[in-house]
Amino acid sequence: MSFSTEVKNNLARIIPETKEQQISELSGIIRMGGKIRFVGGGLLSFVITIENPAVSRKIVRIVKKCFALNMRISVNKNENLKKRLYTMEVIDRKRGNDILLKTGLIEKDGEYFRLTSSIPPFVLRSEMNSKAYIRGAFIGGGSATDPGKSYHIEFVTGDDEFSGNFKQLLQSLQLRANVTRRKNNNVIYIKDSNDISDLLTLMGDYENTFLIENVKAKKEVRNKVNRMVNCETANLYKVVKSSVQHVESIDYIKNTVGLKALPDELRIVAEARLENRYSSLKELADMLGGSLGRSGVNHRLKKIQAFADKLREEDLRSGDGAPSSMKKGTR
């Protein structure tokens, strides 16, 4: 079962308390999921086709409660998608026209009726009405991506003007929504995880709100662990890189003039580094009995490297070209 289906199943169980809220939700459903059609005599009606059986039962229930009307339901199977499609329609064309008027989807224009692109005024009358309308819009034409993969929730409509109005409605409820164009449709979408959690809460799907919060917490822990691992890896790389440089310099001294050429305080550190090639400066300091701190060990290693660099310069000036492994015997 997809995440969208889970959300819609949860929303299908919610029946708004008041008739105005129920009509608000039905308005959102028809707006996003219905098809308006002419039925003759200047009248309009609608048909709704839904894949989700729980949603179809909810639509039928709301229409019956608000308009004392039974809808005709037909079930068809989409052979390509292997899914059942539930189609609901009003048989009495005048009653269908009446529902469209009362849900604010059409308005009288002289002797005829025309479609509207605005949010019905009664939807904006209260926050509960607005929430019911948004819930209906999601049921009719919304989808949500599995939060384990990415954060994305969207509403699809072919009406340019309505997409802007719906975006403003979401923004009025402090949800950061945007609109983009996809093929011949407008997509109103939300990508911020906090806003998606707020939207699910607003629509009444608390179960998936908790799911998203849990996924977010797991991702935050995983990201924190990854950052720590990356930091440790970077630190380890620095330790190994500096250790290699130290050992190269110490080996050069050992194979040319010998470590006894170093002052005692430097020779002790050099021997400790050769015996503990990949230890950190702090670990070296502890091995030396704690008489030196990390900075002290680092300071002496730098002196050892400077000593080796000076030897290399002398070798270059002498121009004898002998390998460093042989130079000790030639001095």
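The analysis underlying the following values was restricted to heavy atoms, covering all of them including side chains, and did not include hydrogens, waters or symmetry mates.
To the nearest 0.5 Å, atoms CZ (Arg267) and CD (Glu271) are separated by 5.0 Å. Between the CG atom of Asn208 and the CZ atom of Phe3 there is a distance of 4.0 Å, given to the nearest 0.5 Å. For the atom pair Ser27 OG and Ile99 CD1, the distance stands at 12.0 Å (nearest 0.5 Å). Note that OG of Ser197 and OH of Tyr151 are 8.0 Å apart. Values are rounded to the nearest 0.5 Å. How far OG of Ser56 is from CE of Met88: 5.0 Å, rounded to the nearest 0.5 Å. Here the CG-CG distance, from Leu175 to Asn194, works out to 11.0 Å after rounding to the nearest 0.5 Å.
Side-chain contact between Ile14 and Leu11 is present, with heavy atoms from C-beta onward closer than 4.5 Å. Proximity of Thr157 to Asn185: side-chain heavy atoms (C-beta onward) are nowhere separated by under 4.5 Å. Tyr133 places none of its side-chain heavy atoms less than 4.5 Å from the side chain of Gln21. Residues Arg114 and Ile106 have side chains not in contact (no heavy-atom distance under 4.5 Å, counting atoms from C-beta outward). Contact of the Arg181 side chain with the Asp160 side chain is registered, since non-hydrogen atoms from C-beta on lie closer than 4.5 Å. With a 4.5 Å cut-off on side-chain heavy atoms, Leu259 and Ile250 count as touching. Two residues are said to be in side-chain contact when any heavy atoms from C-beta on lie closer than 4.5 Å; Gln305 and His246 meet this criterion. Annotation: side chain of Phe122 is in contact with side chain of Ile23 (closest heavy-atom distance under 4.5 Å).
Side-chain atoms of Glu89 and Ser45 include no donor-acceptor pair closer than 3.5 Å. Looking only at atom types and distance, the side chain of Ser118 has no donor-acceptor partner in the side chain of Asn165 under 3.5 Å away. Between the side chains of Glu20 and Asn129, at least one donor N or O lies within less than 3.5 Å of an accepting N or O. Checking Asn9 against Asn52 by side-chain atom types alone, a donor-acceptor pair falls below 3.5 Å. Checking Asn276 against Arg273 by side-chain atom types alone, no donor-acceptor pair falls below 3.5 Å.
Within a 6.0 Å sphere centred on CD of Glu265, other residues, nucleotides and ligands contribute more than 12 heavy atoms.
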From CA spacing to verdict: side-chain hydrogen bond (donor to acceptor under 3.5 Å, both in side chains), Thr209, Thr201: CA-CA 6 Å; Thr209 298; Thr201 300; 3.2 Å; yes
Under the criterion side chain to side chain contact (heavy atoms under 4.5 Å, CB included), I'd like the reasoning laid out for Cys231 against Met228: C-alpha separation, chi angles, the key distance, then a yes or no. CA-CA 5 Å; Cys231 183; Met228 290 174 65; 5.6 Å; no
Kindly determine whether Ile212 and Leu200 satisfy side chain to side chain contact (heavy atoms under 4.5 Å, CB included), including the steps that lead there. CA-CA 10 Å; Ile212 285 186; Leu200 290 174; 3.5 Å; yes
Please step through side chain to side chain contact (heavy atoms under 4.5 Å, CB included) for the pair Phe113 and Glu107, ending with a clear verdict. CA-CA 6 Å; Phe113 298 91; Glu107 60 186 11; over 6 Å; no
Given the rule in the side chain to side chain contact (heavy atoms under 4.5 Å, CB included) test, do Asn186 and Asp159 qualify, once you have shown the distances and angles that lead to the verdict? CA-CA 7 Å; Asn186 295 287; Asp159 190 325; 5.8 Å; no
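Residues passing the side chain to side chain contact (heavy atoms under 4.5 Å, CB included) test with Ser172, sequence neighbours excluded: Leu169. Checked against ring pair (Phe, Tyr, Trp, His ring centres under 6.0 Å), Phe166 has the following partners two or more places apart in sequence or in another chain: Phe155, Phe162. By the side chain to side chain donor-acceptor pair (under 3.5 Å) test, Thr49 pairs with Thr87, sequence neighbours left out. Under the ring pair (Phe, Tyr, Trp, His ring centres under 6.0 Å) criterion, Tyr86 pairs with no residue at all, not counting sequence neighbours. By the salt bridge (Lys or Arg N to Asp or Glu O under 4.0 Å) test, Asp198 is found to be paired with no residue, residues two or more places apart in sequence or in another chain being considered.
No donor-acceptor distance shorter than 3.5 angstrom exists from the side chain of Asn298 to the backbone of Arg294, with no hydrogens or angles considered. The backbone N or O of Asn226 lies less than 3.5 Å from a partner atom in the side chain of Asn230, making a donor-acceptor pair. At least one donor-acceptor pair closer than 3.5 Å links the side chain of Thr116 to the backbone N or O of Gly104. The backbone N or O of Val39 lies less than 3.5 Å from a partner atom in the side chain of Arg93, making a donor-acceptor pair. Side-chain atoms of Lys8 come within 3.5 Å of backbone atoms of Gly142 as a donor-acceptor pair (strictly under, hydrogens ignored). A donor-acceptor pair under 3.5 Å is absent between the side-chain atoms of Asp109 and the main chain of Tyr112, judged by distance alone.
Summarising the geometry of Ala272 relative to Leu284, their closest heavy-atom pair is O-CD2, 3.8 Å, with the distance given to 0.1 Å. Between Gln171 and Ala177, the shortest heavy-atom distance links the atoms NE2-O, 3.4 Å. Between Thr145 and Ser150, the closest heavy-atom pair is CG2-OG, 3.3 Å. Nearest heavy atom pair, residue Ala270 against residue Leu262, reads CB-CD1, 4.0 Å. Considering every non-hydrogen atom in both His152 and Ile196, the closest pair reads N-CD1, 3.4 Å. Nearest heavy atoms, Ala12 versus Val55: CB-N, 3.9 Å.
The cluster map of Ile, Leu, Val, Met, Phe, Trp and Tyr, joined by side-chain heavy atoms under 4.5 Å apart, puts Ile190 and Val156 in different clusters. Residues Ile29 and Leu101 are members of one and the same hydrophobic cluster, defined by side-chain heavy-atom contacts under 4.5 angstrom among Ile, Leu, Val, Met, Phe, Trp and Tyr. A chain of hydrophobic side-chain contacts below 4.5 Å, direct or via other Ile, Leu, Val, Met, Phe, Trp or Tyr residues, connects Leu43 to Leu115. In the hydrophobic clustering of this structure, Val297 groups with Leu274; members are Ile, Leu, Val, Met, Phe, Trp, Tyr whose side-chain heavy atoms approach within less than 4.5 Å, directly or through other members. Each of Val47 and Ile139 belongs to its own hydrophobic cluster when Ile, Leu, Val, Met, Phe, Trp and Tyr are linked at side-chain heavy-atom distances under 4.5 angstrom.
Salt-bridge annotation for Arg182 and Glu154: present, with a side-chain N of the basic residue lying under 4.0 Å from a carboxylate O of the acidic one. Note on Asp309 versus Arg312: salt bridge recorded, some NZ/NE/NH1/NH2 to OD/OE distance being below 4.0 Å. Salt bridge annotation for Asp98-Lys94: absent, with no cationic side-chain nitrogen under 4.0 angstrom from a carboxylate oxygen. A salt bridge is defined here as a Lys NZ or Arg NE, NH1 or NH2 lying under 4.0 Å from an Asp or Glu carboxylate O, and Glu51 with Arg84 fails to meet this definition. In summary, Arg72 and Asp92 do not engage in a salt bridge, as defined by a charged side-chain N under 4.0 Å from a carboxylate O. Salt-bridge check for Lys149 with Asp146: failed, with every basic side-chain N at 4.0 Å or more from each acidic carboxylate O.
Taking the centre and axis of the six-membered ring of Phe46, the NZ or CZ atom of Lys35 falls outside the cone set by 45° and 6.0 Å.
Pairs engaging residues 54-69 under the salt bridge (Lys or Arg N to Asp or Glu O under 4.0 Å) rule: Glu25-Lys58 [sequence neighbours left out].
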